[in-house]
Amino acid sequence: MIKTCLVAVDVRHPKAKREYTYLVPEDIASSINIGDLVCVPFNNIKVTGVVTELFDFIEKTTDYELKAVISKEAISLPMELVDLSKLLAEYYGTPIVDFLKLMLPPKVSSKTESVYSVCSTDKVISSRAFNQKRVLEYLKNVETATVHDISENLKMPIASVRSALTALTEKGVIKRDYRVVRRRPMVITTNNICEHINLTIEQQNALTTIIKNFNDSKRTTLIYGVTGSGKTEVYIRAIENVLKAGKKVIMLVPEISLTPQMLSIFRSRFPGKTAVLHSKLSQGERFDEWQRIYSGEALVVLGARSAIFAPIKDLGMIIIDEEHESSYKNGEHPYYDARTVAEFRAKKQNASLVLGSATPSVESFYKAAKQEYSLAKLTKRVSGRSLPKLEIIDMREELKSGNRHIFSRKLLSGMKETLEKHKQIILFLNRRGHSTFVICRDCGFVLKCKYCDIALTYHFEDKSGKCHYCGYSIKAPDICPKCKSRNIRYFGAGTEKVEQEVKRFFPKCRTIRIDSDSTSRKGSLEKMLLNFKRGGAQILIGTQTVAKGLNFPDVALVGIISADTALNMPDFRSGERTFQLITQVAGRSGRGDTPGMVYVQTYTPESFAIRAACNFDISGFYQEELKIRREALYPPFCHMLNIVFKSRYEDLIKKEAEEVRQILYQKYNNDIEIYGPVPAPRSKIKDNYRYNILLKSKQIQTLVNICNHMQILNNNRKVDMSWDMEPLDLL
DNA sequence: CACCACTTCCTA
DNA sequence: AGGAAGTGGTGT
């Protein structure tokens, strides 16, 4: 009997990224299974791939001769994960290997890479070979480089850097070496805190709901629990129950490195059984953790977005903490959403799903309201602590009465009072740097990035204008580059400015500033947070990182410097984001014995998102938001697909995007609404123009069909085209 | 029309 | 990745 199989090969080139049929040689025919990793001949090289299908015959007669599998590797993926990949590949209109790769250990997908260097300079290069000359010049400067280094730095298409390299190598001007990617061993620091607390009645009820759903219906449970209501303890008890039933658990958190507390709690409650997966692990660390999961040693996987692909066979439960967080959506290809993957995966492996948040996403709230999810509420903080008091401060009134500072009078006196009581303060502002733009008062010139269509942010520390999108930086000018005026002013406050102002009003006060400028060094964020917790500073000034599940008992006052920043983003989720942000930031206050006070400064106090957040009117907010979404046709009342075009040539984008629009219009017009092509809100980044076509449809299947159609349309396109299913933002 | 530098296509 | 086939410019 002749056996054949389909193999999804791991090659970089988009057009070759498919499944191919291979013959199965007799010596492995009896042992080969779906999910096995195999080595196959591909053109004239050998590549690894995953077996996705097996046949007991030659599937169909072909006009080419089948090649045979060379060998089988030790690793194989559970069949359920291969099935899941097929489902996801179809849903997102993406080659199946892109998902299989997320499930495999890093060693398999990393290979040796070719490194080129100059070895002889006395050979003559034809005067017509411009590319060869450019490449040679570049190599002389940097000494060694890979194909991808060169194509990125010289902005050449991969195929033409490559042919130049081949030509140069043949002439003996440069030589090729191989470099192996090295891995480092894993280092774990553990400090155990293990407290078994008695559950409150609300916690007990939530746990009962989760367990009931786990035992029979496998329905999804949404835990809506106010900040500080003890969701983590409920998760842990639920996990204990799942483990007792002989099943395993995946728990997703927004970014594990931000919550070392969570990790130490898990390590102490499930000693030796917890594996961690997140983006900051080294390749070696990731490999080790993967092996611990694969071998069955780890029963609980705690991790960020990509941990949803952990190689677990007997999965009983998936928990997604801070369910509303946008970091669960992958911002690049493949544009998967870990929440959607979790839903698919739970269904496939007959596991139950638990979502938890103090500010559930509008989509999840809607599903709970429609009884699709079971809803469990935790309305009280543990140990009888009260929720903080929030007060809106109308900054227009402050201006009218002559206060032009970034702090309102109330916030200022609140700060003074809190400092006198030796309690701590958090000031929140979602912008780093000093000033958000630099403008000439005389001619209106705004300092912009050379490569992006973005205003430069002024940074006081090195007196520079920086682009927060590409990193471009110049010395801030004293005179206007356009009209030579000296009347240059800095507008829009960032965290640096807030810190300066604090120092001005309270010269003796110690401050810590947390943003990506001050925490660029590895581990410095953790140190700064610990320092603040121990009282090393009275005031913490920070961007969104301080908004997340941190716990500082001595914080009595929180100031939101500008609640409008998130609100004014050109995005249909801006209201939801603002509501979530205020609620989450406010939740940092009054975690100890001190009742908390929160001042919310805004120029739009009438905004319902701000008012609802300040009144803890969660159902009021969702009702209003759902009403708006229903009227304007936004999720959860429709599905969306954003098609993104990127290119250095704007006219080319316009032409090709218009072509795609025409095709979509002709084929799918009955089922979809088409918006665009229009320039994206961030219309140019790193010298690449960006255009969007946004599609809305009530039928998800239509959008799935379009995704798969896009794969075909993507062939032979000169501009970079990608498609983002259910995008979180359109920037 | 031979020769070349470079691009595009294709992989089972 | 790397070989084959295709494109288009140049020199005699």
Length of the line joining [X]:[atom1] and [N]:[atom2], which is rounded to integer Å:
| X | N | atom1 | atom2 | answer |
| --- | --- | --- | --- | --- |
| A:Y20 | B:dC10 | OH | P | 11 Å |
| A:K46 | B:dA12 | NZ | P | 15 Å |
| A:N43 | C:dA5 | CG | P | 13 Å |
| A:K17 | B:dC9 | NZ | C1' | 18 Å |
| A:F42 | C:dG3 | CZ | C1' | 13 Å |
| A:D10 | C:dA1 | CG | P | 11 Å |
| A:L6 | B:dA12 | CG | C1' | 10 Å |

Looking at [N], I'd like to know if its phosphate oxygens (OP1 or OP2) sit under 4.0 Å from a side-chain N or O belonging to [X].
| X | N | result |
| --- | --- | --- |
| A:K15 | B:dC9 | yes |
| A:R18 | B:dA12 | no |
| A:H13 | B:dC10 | no |

A:K67 atom NZ: more than 12 heavy-atom contacts under 6.0 Å: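 Count over threshold, so yes.
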Pair A:F42 and A:Y20, ring centroids less than 6.0 Å apart: yes
Among A:L713, A:N714, A:N708, the one residue meeting side-chain contact (heavy atoms from CB on, under 4.5 Å) with A:Q711: A:N708
Sidechain N-carboxylate O distance under 4.0 Å for A:E53, A:K86: yes
Residue A:Y22, side-chain heavy atoms: nucleotide from B:dA12, B:dT11, C:dG2 that is nearest: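 Comparing B:dA12, B:dT11, C:dG2 against the side chain of A:Y22, the answer is B:dA12.
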